[in-house]
Protein chains: 2
Amino acid sequence: MALSALFLDIFRANALLVASGDELVAPLGLTSARWQVLGTVAMAPTPQPVAHIARDMGLARQSVQRLVNELAEAGLVDLRDNPHHKRAKLICLSEAGRHSFDAIHKLQRPWVDGLAEGLETEKIAIAAEVLQSLRARLEQRLGDQAE
Amino acid sequence: MALSALFLDIFRANALLVASGDELVAPLGLTSARWQVLGTVAMAPTPQPVAHIARDMGLARQSVQRLVNELAEAGLVDLRDNPHHKRAKLICLSEAGRHSFDAIHKLQRPWVDGLAEGLETEKIAIAAEVLQSLRARLEQRLGDQAE
DNA sequence: ACCGTTTTGACAGCATACTGTCAATTCAAC
DNA sequence: GTTGAATTGACAGTATGCTGTCAAAACGGT
C-alpha cells in the first residue's frame, strides 16, 4: 500500500528535519523545539498563556510548558502578568529573544531556499494537501476514542 | 515559503501517526517504535545484527539497540549466535514475535485502508516523491558536516 | 452568592530518539 | 602475522514528547 510507504517517509523526514533544525540553530544556543516555540510566541498578535500556545502548535500543554520555562530561564521570553488570570502568565519575547528570533530568520531563509531549489511548487502544495488531509483524519479518529 | 508550511505539516503528521500507531497496537502490548522494529526484523530476508537493522530504518544504532533488548526481554525476538561475529548476535522473530506480527497485520490493513479512503493515489505518490527528495537533500547536508 | 466544572501551571514519571565513551571484536593494509 | 581503523554492543547522559495527578484560579449555571 502506497500510504504505508508514505508513513515511513514522514518518519524519516521528521527525524531529519529536527536534526537539521538543531544543527541550524545550535550556534545560537537553541534547539528545534525551542526555536519553534519562540517562533510561535513571536508570531502571536498578542501575548498568550502557555496553554494557548500549546493549542496553536498542536502539542501537549506540558511539553510547551517545560520549553517555555526553559526559555524563560534562559532569558529569551518574559512572563508578564495576566490581568485576566492570576496563574496563567502571558508569554512575550524579551530583548534577547527578539534578537535570537531575528538571527534565526537570517539563518533560516537561505537554508529553506537551498532545500526548495529544484522542487516544484505544485508538488510541494500537493504534498502539503495530502498531509493535511491525513492530519484531519488522524485527529478525528484519535478524538473519537479519547473523548 | 510553501516549504516551511510543509515542515509543520510533517511535524504534526509524524506526531499523530506515532500516537495513532501506539493506540492501534496497544492491545498487543506493543508501541509504535517496537512495532516498527519488529516489522523490519520480520521483513528482512535473513536475520541481521542490530547495527544493520538501524541502518535499514535510518535510526541511530543505540535507539534500535534498546528496542531490540526490550523486545528480546519480552520474548518477541531471539538473539541467535552469529557465526561471523561473536558479539553481534543475529535478531530473528520468536514464535510469540511471529504471532504478534501477524496480529498487527490484521489490525493494520483496515486501519490504513480507512485512512487512504478518498485520497488520490497519484497525490500520495507525489507526496512521497517530495518527501524522499527532501530526505535526500537533508541527509546529504547532515553528512556534509558530520563526516 | 454558591458550588460544580473547566482551565491552568507545577510536579513526577515514562517512551523515544540522540550523543558520547569504552572495550571487544572484526577487518584491512602492510 | 601484526598493527591500526572500523564496527559493534554496553553504559551513561540529554532532549523532546507524552501521560497522570494535584491545587489554584476562573467560569457558569442555579
Side-chain angles (χ1 to χ4, degrees), chain A residues 11-23 25-26 29-38 48-55 57-74 77 79-91 142 145-147, chain B residues 10-23 25-26 29-38 48-74 77 79-91 142 145-147:
Chain A
F11 292 147
R12 292 221 185 173
N14 178 77
L16 287 166
L17 280 175
V18 172
S20 300
D22 281 346
E23 200 175 75
V25 298
L30 284 170
T31 62
S32 275
R34 296 181 194 186
W35 160 30
Q36 283 179 56
V37 171
L38 209 61
Q48 304 289 349
V50 166
H52 192 283
I53 297 173
R55 281 191 296 267
M57 299 180 69
L59 295 183
R61 186 169 49 96
Q62 296 299 18
S63 311
V64 176
Q65 183 74 52
R66 183 173 46 74
L67 290 168
V68 165
N69 288 346
E70 290 166 357
L71 286 174
E73 191 157 355
V77 300
L79 305 186
R80 197 181 292 169
D81 275 348
N82 184 347
H84 301 305
H85 196 301
K86 273 187 189 167
R87 302 189 77 194
K89 302 294 176 60
L90 298 174
I91 317 302
L142 278 179
Q145 313 208 5
E147 291 163 47
Chain B
I10 291 173
F11 292 147
R12 291 221 185 172
N14 178 77
L16 287 166
L17 280 174
V18 172
S20 299
D22 281 346
E23 200 174 76
V25 298
L30 283 171
T31 63
S32 274
R34 296 179 194 188
W35 160 30
Q36 282 180 58
V37 172
L38 209 61
Q48 305 289 348
V50 165
H52 192 283
I53 297 172
R55 281 191 296 268
D56 263 10
M57 299 181 68
L59 293 184
R61 184 168 49 96
Q62 298 298 18
S63 311
V64 176
Q65 184 74 52
R66 181 176 49 76
L67 291 167
V68 165
N69 289 345
E70 290 166 358
L71 286 173
E73 190 156 355
V77 299
L79 304 186
R80 196 182 292 168
D81 274 348
N82 183 348
H84 300 306
H85 196 301
K86 274 187 189 166
R87 303 189 75 194
K89 303 292 176 62
L90 298 174
I91 317 302
L142 277 180
Q145 313 209 3
E147 292 166 45

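Numbered from 1 within each chain, the chains take letters A, B, ... in sequence-line order. Scope of the values below: all heavy atoms of this structure, side chains included, with no hydrogens, waters or symmetry mates.
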>> Using a heavy-atom cut-off of 4.0 Å across all strands, would you classify B:V50 as base, sugar-phosphate, or nothing?
In response: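 Since only primed, P, OP1 and OP2 atoms lie under 4.0 Å of B:V50, the category is sugar-phosphate.
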
Check this one for me: any side-chain N or O of [X] less than 4.0 Å away from OP1 or OP2 of [N]?
X: A:N69; N: C:dG9; answer: no
X: A:S32; N: D:dT16; answer: no
X: B:S63; N: C:dC18; answer: yes
X: B:R34; N: C:dT16; answer: yes

> With a 4.5 Å limit on heavy-atom distance, are the side chains of A:M57 and B:F11 in contact?
Replying inline: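 Side-chain contact under 4.5 Å: no.
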
> Starting at the 5' end of DNA chain D and moving along, which residue's nearest nucleotide shows up first, A:N82 or A:R61?
Replying inline: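 The 5'-side residue here is A:R61.
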
> Of A:D22 and A:H84, whose closest DNA chain D nucleotide lies nearer the 5' terminus?
Replying inline: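 Mapping each residue to its closest nucleotide by heavy atoms, the 5'-most match is A:D22.
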
>> Taking the minimum atom-to-atom distance to the side chain of A:A51, which one of C:dT8, D:dT19, C:dC18 wins?
In response: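 It is C:dT8.
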
Rounded to the Å, how far apart are [X] [atom1] and [N] [atom2]?
X: A:D81; N: C:dT8; atom1: CG; atom2: P; answer: 17 Å
X: A:F11; N: C:dT16; atom1: CZ; atom2: C1'; answer: 12 Å
X: A:M57; N: D:dG17; atom1: CE; atom2: P; answer: 7 Å
X: B:L71; N: D:dG9; atom1: CG; atom2: C1'; answer: 16 Å
X: B:R55; N: D:dA6; atom1: CZ; atom2: C1'; answer: 11 Å

>> Under a 3.5 Å cutoff, is there a donor and acceptor pairing between the side chains of B:D22 and B:T31?
In response: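 Not at all, the side chains of B:D22 and B:T31 share no donor-acceptor pair under 3.5 Å.
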
>> Determine whether a donor-acceptor pair (one donor, one acceptor, N or O, separation below 3.5 Å) exists between the side chain of B:Q62 and the base of D:dA10.
In response: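 Such a pair is found, so the answer is yes.
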
>> Tell me the closest heavy-atom pair linking B:L17 and B:S32, and the distance in Å.
In response: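 Distance-wise, the nearest heavy atoms are O-OG, 4.3 Å.
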
> Considering all heavy atoms of both residues, which atom of B:R61 and which atom of B:A51 are nearest to each other, and what is their separation?
Replying inline: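 Closest approach of B:R61 to B:A51: CD-CB, 4.0 Å.
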
